[in-house]
Trainee: 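Can you read through this structure? Questions will come right after.
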Amino acid sequence: MKKLSVFLVTALIALSGLTSCLKGDNTRSGYGVGILTYASNYSTLVIKTSFGNFYGPELNAYVTKGQLEIDEYYYFYYTMDYDLPENSTEMVNANGYYTVSISPGTRADKYYAMPVLTDTSAVMTDEIPVLDVLYADGPFGYAESYLCMTHIVSYEKDLTVQWDMSYDGSREIMSEVNGKRYYNLFLRATVSGSNEGSTKTETAHFNAYRLREFLERAAMDEKSMPGYVSGSSTFLVKFNYVSDIKEDQITWSYKSAEFPINLFE
């Protein structure tokens with residue numbers, strides 16, 4: 001049983017950063033990931049996603065109460081009424097955002113993906129296995145240079161988990177498996193602190209990694225490949241992770257995700 005109390009809801013977040021369903025009336029509800037920031041007028045708080053800005057009058061109240069922080073990443077649930085005058089094409093273009101009812105969830109812990117690959121043959125100090133690198137029932141999406149994603153690990157509750165995302169920035173980051181091209185990232189987890197005999201619990205972690213440079217490089221490489229079609233081509237990222245550690249021996253596993261090239265052009 002996954003420990004998911006950190007989540008407002010559990011839902012698969014589409015790569016676009018938004019997943020939604022259109023109701024019988026002219027409203028749409030869904031989930032997304034994004035960064036809390038200001039719109040172009042520098043006075044209106046919005047959550048910025050890969051496919052637009054979302055404004056809700058609730059955001060100011062959340063910030064005032066200390067429940068949200070500016071320039072931090074969150075997942076959220078929203079409901080949009082397309083019949084509102086504020087959501088007409090003219091008003092959205094003028095304001096730079098959609099007006100919605102919004103309920104933010106947990107803040108993501110931010111990390112940098114380092115372009116210096118860790119030693120993939122050796123166990124790191126206090127390293128623990130990762131049970132799932134891309135947890136399907138957790139938030140996932142890209143916004144403003146950061147990829148937000150959900151991992152599962154099992155560890156004693158009194159310990160603190162640190163995450164390490166890296167790639168080999170000095171060499172080719174693409175590999176071919178069964179005729180498919182993958183761009184490789186490597187995720188590892190370590191712990192610190194004193195557990196004092198506490199029991200292990202499977203816990204979900206919602207993290208945001210600065211991956212703009214990596215993803216732009218992958219998109220640029222993919223554009224040079226035969227068969228590239230502007231506006232519709234995609235590329236695959238392979239998230240390699242340490243899934244088992246026994247007698248100082250590492251077992252690597254992976255999951256992959258598909259990215260639209262035009263997000264990073």
Trainee: Which pair of heavy atoms, one from Ala219 and one from Ile261, lies closest together, and at what distance?
Mentor: CB-CG2, 4.0 Å

Trainee: Which value, rounded to the nearest 0.5 Å, describes the distance between Ser145 atom OG and Leu215 atom CG?
Mentor: 9.5 Å

Trainee: Specify whether Phe186 and Trp252 have parallel, tilted or perpendicular ring planes, treating 30° as the upper limit for parallel and 60° as the lower limit for perpendicular.
Mentor: perpendicular

Trainee: To check you understand the geometry: which heavy-atom pair defines the closest contact between Met80 and Thr99, and what is its length?
Mentor: CG-O, 4.1 Å

Trainee: Check whether the side chains of Arg188 and Thr118 place a donor and an acceptor atom closer than 3.5 Å, and report yes or no.
Mentor: yes

Trainee: I need the minimum non-hydrogen distance between Gly227 and Ser233, along with the two atoms involved.
Mentor: O-OG, 4.2 Å

Trainee: Under the criterion salt bridge (charged side-chain N to carboxylate O under 4.0 Å, His left out), which of Glu258, Glu222, Glu176 is the partner of Arg181?
Mentor: Glu222

Trainee: Write down the atom of Asp158, the atom of Ser194, and the distance for their closest heavy-atom approach.
Mentor: CB-O, 3.3 Å

Trainee: Does any part of the side chain of Leu59, heavy atoms only, come nearer than 4.5 Å to the side chain of Pro104, both counted from C-beta?
Mentor: yes

Trainee: Measuring from Tyr82:OH to Asn87:CG, what's the distance to the nearest 0.5 Å?
Mentor: 8.0 Å

Trainee: What are the two closest non-hydrogen atoms of Val33 and Pro139, and how far apart are they?
Mentor: CG1-CB, 4.0 Å

Trainee: Check whether the side chains of Ser29 and Thr79 place a donor and an acceptor atom closer than 3.5 Å, and report yes or no.
Mentor: yes

Trainee: Around Asp83, counting heavy atoms of other residues, nucleotides and ligands shown, do more than 12 lie under 6.0 Å from its CG?
Mentor: yes

Trainee: Test Asn184 against Tyr182 for side chain to side chain donor-acceptor pair (under 3.5 Å), laying out the working first.
Mentor: CA-CA 6 Å; Asn184 288 278; Tyr182 294 89; over 6 Å; no

Trainee: According to the interplanar angle, ranging from 0 to 90°, do the rings of His151 and Tyr209 count as parallel (below 30°), tilted (30 to 60°) or perpendicular (above 60°)?
Mentor: tilted

Trainee: If two hydrophobic side chains count as joined below 4.5 Å and joins carry through other members, does Ile173 share a cluster with Leu263?
Mentor: yes

Trainee: Just verifying a value: how many Å separate Ile128 CD1 and Asp244 CG, rounded to the nearest 0.5 Å?
Mentor: 12.5 Å

Trainee: Passes side chain to side chain contact (heavy atoms under 4.5 Å, CB included), Glu213 versus Leu211? Steps please.
Mentor: CA-CA 6 Å; Glu213 294 79 6; Leu211 279 167; over 6 Å; no

Trainee: For Glu127 and Thr190, which heavy atoms make the closest approach, and how far apart are they?
Mentor: CA-CG2, 3.9 Å

Trainee: Please check if the number of heavy atoms outside Met225 that lie under 6.0 Å from its CE is greater than 12.
Mentor: yes

Trainee: Given Thr150 and Phe140, is the side chain to side chain contact (heavy atoms under 4.5 Å, CB included) satisfied, shown in steps?
Mentor: CA-CA 7 Å; Thr150 307; Phe140 178 58; 5.8 Å; no

Trainee: Using the side chain to side chain contact (heavy atoms under 4.5 Å, CB included) rule, take Lys180 and Val177 through it: C-alpha gap first, then chi angles, then the decisive distance, then the call.
Mentor: CA-CA 5 Å; Lys180 292 184 177 181; Val177 180; 5.7 Å; no

Trainee: Looking just at side-chain N and O atoms, do Tyr111 and Asp109 make a donor-acceptor pair shorter than 3.5 Å?
Mentor: no

Trainee: Quick check on the hydrophobic clustering: are Met91 and Tyr98 connected, directly or via other members, by side-chain heavy-atom contacts under 4.5 Å?
Mentor: no

Trainee: First locate atom OG of Ser166, then atom CG of Asp168, and finally report the distance between them rounded to the nearest 0.5 Å.
Mentor: 8.5 Å

Trainee: Are Gln162 and Val191 side-chain neighbours, meaning at least one heavy-atom pair lies under 4.5 Å?
Mentor: no

Trainee: If we ignore hydrogens and angles and just use 3.5 Å, is the side chain of Arg107 paired with the main-chain N or O of Gln67 as donor and acceptor?
Mentor: no

Trainee: According to the interplanar angle, ranging from 0 to 90°, do the rings of Tyr146 and Tyr73 count as parallel (below 30°), tilted (30 to 60°) or perpendicular (above 60°)?
Mentor: tilted

Trainee: Please examine the side chains of Ile47 and Asn53, heavy atoms only from C-beta on, and report whether any two atoms are closer than 4.5 Å.
Mentor: no

Trainee: Are any of the side-chain heavy atoms of Asn240 and Lys238 separated by less than 4.5 Å?
Mentor: yes

Trainee: Between Tyr75 and Tyr31, is the ring centre distance below 6.0 Å?
Mentor: no

Trainee: Given the rule that I, L, V, M, F, W and Y join up when any side-chain heavy atoms are under 4.5 Å apart, are Met165 and Val161 in one cluster?
Mentor: yes

Trainee: Of all residues at least two apart in sequence or in a different chain, which pass the side-chain contact (heavy atoms from CB on, under 4.5 Å) check with Thr44?
Mentor: Ala39, Asn41, Val46, Tyr55, Tyr97

Trainee: Out of curiosity, Asp221 CG to Met174 CE, how far, rounded to the nearest 0.5 Å?
Mentor: 7.5 Å

Trainee: Do the non-hydrogen side-chain atoms of Leu84 and Asp81 ever get within less than 4.5 Å of each other?
Mentor: yes

Trainee: Honestly curious: do Val133 and Tyr254 fall in one hydrophobic cluster under the side-chain, below-4.5 Å linking rule?
Mentor: no

Trainee: To the nearest 0.5 Å, what is the distance between OH on Tyr77 and OG on Ser101?
Mentor: 9.0 Å

Trainee: State plainly whether one hydrophobic cluster holds both Leu117 and Leu187, where clusters connect Ile, Leu, Val, Met, Phe, Trp and Tyr through side-chain heavy atoms under 4.5 angstrom apart.
Mentor: no

Trainee: Would Tyr74 and Leu68 count as a side chain to side chain contact (heavy atoms under 4.5 Å, CB included) here? Give the steps.
Mentor: CA-CA 9 Å; Tyr74 297 88; Leu68 294 179; 3.4 Å; yes

Trainee: I'd like to know whether CZ of Arg212 has more than 12 heavy-atom contacts from other residues, nucleotides or ligands below 6.0 angstrom.
Mentor: no

Trainee: Do Ile152 and Thr203 have side-chain heavy atoms sitting under 4.5 Å apart?
Mentor: no

Trainee: Measuring only between side-chain heavy atoms, which start at C-beta, is Val130 closer than 4.5 Å to Phe239?
Mentor: no

Trainee: Please list, chain by chain and in numerical order, all residues satisfying side-chain contact (heavy atoms from CB on, under 4.5 Å) with Ser154, sequence neighbours excluded.
Mentor: Leu131, Lys200, Glu202

Trainee: Sort out for me which residue in Tyr142, Phe214, Tyr183 forms a ring pair (Phe, Tyr, Trp, His ring centres under 6.0 Å) with Phe264.
Mentor: Tyr142

Trainee: Are Phe235 and Phe259 close enough that their ring centers fall under 6.0 Å?
Mentor: yes

Trainee: When you compare the side chain of Leu36 with that of Glu72, does any pair of heavy atoms fall below 4.5 Å?
Mentor: no

Trainee: Determine, step by step, whether Lys255 and Asp132 satisfy the salt bridge (charged side-chain N to carboxylate O under 4.0 Å, His left out) criterion, reporting the C-alpha distance in whole Å, the side-chain angles of both residues, the deciding distance to 0.1 Å, and the verdict.
Mentor: CA-CA 9 Å; Lys255 280 189 172 182; Asp132 197 341; 2.9 Å; yes

